[in-house]
Amino acid sequence: MLEDKNNQRTPISQLGEFGLIEHLTKNIKLGQESTVKGIGDDAAVISRQADVVEVVTTDMLVEGVHFDLGYMPLKHLGYKAVIVNLSDVYAMNASPTQITVSLALSNRFPVEAVEELYEGILTACRIYGVDLVGGDTTSSQSGLIISVTALGEAKKDDLVYRNGAKENDLLVVSGDLGGAYLGLQVLERERQVFQVNPNSQPDLDAYTYLIERQLKPEARKDITELLEKLEVKPTAMIDISDGLSSEILHLCKQSGVGCVLYEDKIPLDPQVISTCEEFEMDSTTVALSGGEDYELLMTISMEDFPKIKANPDFTVLGHITEVAAGTQLITRAGQQMELIARGWNSIKED
Ligand code: ADP
Ligand code: MG
């Protein structure tokens, strides 16, 4: 997938590092009021209002570890690299304002490949209204590394940390879970089929939602806006990058509380259910350990329940308990199980 539509492969050496940066960034427009100086100087300059605090977060994606260019188009990779960072900013109940992008490129990437990557990066910037204000570009011996840093802002009192959950709060999640992990399973299967039979025409109609969840995730900007509109400030919040169980455990540990989670409340898309049946996987395990859904997991005070009750964007999964009660999953059969943290890697071992 390194070739572009015209199959042009301009070596980066033809432009040089500075030429490449200039080429990629020359049309960038800045929209945020807080951006005083963007790309082109030794550092970007950001200004904040007196009552506003700054949030900063970084995520690095490494080829072969976090993505595989065999099924991840570069444009999607660029988009996703931005989204995973914006998701962290929204999880603080803050608004992202600027990003920087650092790249390590091996010489197997032509200029056209980096252009595609930037198309995705700049699309995400445009959709979410953030300014690309700097970065770094260097060479790599092995593969592609992309590191994005996001800056954001919030009024100090609006920030939501992981450690604010209180006994009797409701455990609430946005959207649905498990889709991104299953999308990856579908893409991996299709690649294996393709390796055996390059003429095979995959029929992916039954999996469009799952593949989109994997290749083109979104950050839940709309959820933070909705919370503001509904006048609900969560007591704690975290974004779901590693899977529901691991994020619940983070949140409970940092808040010094326990929780009860009901298996039958976990929101699943119909495609998740049907594909789990096909792959003979347990949909609860996929939702608990799948990861990369980038939904927001939050706790809200019981008195805010009427404000979110009728909203299909929110699902109440359970509630917060005292720490001594542990973190419990109540199964559909009514059994109680201790929730354990397992990364997405462990799913295959089941
Ligand atoms: P320096 O030598 O000070 O590190 P660089 O030559 O690396 O400066 O970068 C020049 C300008 O281009 C800086 O504003 C930097 O932030 C920006 N920049 C470098 N690489 C990228 C990139 N991949 N994406 C966006 N901006 C970049
Ligand atoms: Mg530099």
Side-chain angles (χ1 to χ4, degrees), residues 1-4 8-48 54-67 69 72-89 95-153 216-217 219:
M1 299 211 183
L2 290 185
E3 259 111 300
D4 82 336
Q8 265 186 311
R9 290 182 64 90
T10 313
I12 288 176
S13 56
Q14 197 170 309
L15 295 178
E17 181 196 326
F18 301 127
L20 178 70
I21 297 170
E22 154 79 13
H23 177 69
L24 293 171
T25 61
K26 62 179 179 240
N27 291 324
I28 286 178
K29 290 185 183 60
L30 302 174
Q32 288 284 342
E33 219 175 293
S34 56
T35 309
V36 178
K37 177 78 190 176
I39 290 164
D41 214 308
D42 295 312
V45 181
I46 316 291
S47 76
R48 300 283 180 217
E54 178 124 24
V55 301
V56 184
T57 177
T58 297
D59 261 300
M60 189 186 294
L61 299 178
V62 178
E63 184 175 357
V65 179
H66 301 101
F67 60 89
L69 293 174
M72 189 83 180
L74 282 158
K75 190 174 162 180
H76 289 80
L77 176 64
Y79 192 85
K80 185 166 176 173
V82 177
I83 293 303
V84 301
N85 281 278
L86 302 187
S87 178
D88 281 322
V89 175
S95 303
T97 49
Q98 289 87 13
I99 61 163
T100 64
V101 174
S102 297
L103 300 176
L105 301 163
S106 73
N107 57 14
R108 63 180 230 280
F109 291 95
V111 170
E112 288 75 13
V114 194
E115 278 173 352
E116 267 185 57
L117 185 72
Y118 262 72
E119 241 184 83
I121 291 172
L122 294 172
T123 301
C125 286
R126 197 181 62 242
I127 290 176
Y128 287 85
V130 301
D131 290 346
L132 175 56
V133 295
D136 199 22
T137 310
T138 181
S139 56
S140 151
Q141 295 289 344
S142 45
L144 173 64
I145 300 174
I146 170 164
S147 173
V148 175
T149 296
L151 305 179
E153 61 186 23
K216 195 172 173 291

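Because only heavy atoms are used, hydrogens play no part in the values below, and waters and symmetry mates are left out as well, while side chains stay in. One-based numbering, in listed order, for ligands and for the atoms of each.
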Side-chain donor/acceptor of [X] to backbone N/O of [Y], under 3.5 Å:
X	Y	result
Thr35	Lys37	no
Asn85	Ala81	yes
Asp88	Thr57	no

Has ligand 1 got any nitrogen or oxygen that is less than 3.5 angstrom from a nitrogen or oxygen of Gly135?
yes
Criterion side chain to side chain donor-acceptor pair (under 3.5 Å) on Glu112 and Thr10, from CA distance to verdict:
CA-CA 7 Å; Glu112 288 75 13; Thr10 313; 2.5 Å; yes
Proximal atoms of ligand 1 relative to [X] (non-hydrogen, under 4.0 Å):
X	value
Val101	22 (C), 23 (N), 24 (N)
Thr25	25 (C)
Asp136	7 (O), 19 (C), 20 (N), 21 (C), 23 (N)
Ile39	12 (O), 14 (O), 17 (C), 25 (C), 26 (N)
Asp41	13 (C), 14 (O)
Phe18	6 (O)

Calculate, to the nearest 0.5 Å, the distance between atoms CG and CD belonging to Leu24 and Glu119 respectively.
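Rounded to the nearest 0.5 Å, the CG-CD separation comes to 11.0 Å.
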If hydrogens are left out, which of Gly40, Gly134, Ala43, Ser102 has an atom nearest to atom 14 (O) of ligand 1, that is, the closest non-hydrogen atom?
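Going through Gly40, Gly134, Ala43, Ser102 one by one, Gly40 has the nearest heavy atom to atom 14 (O) of ligand 1.
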Cationic tip of Lys216 above Tyr79 ring, under 6.0 Å, 45° of axis:
yes
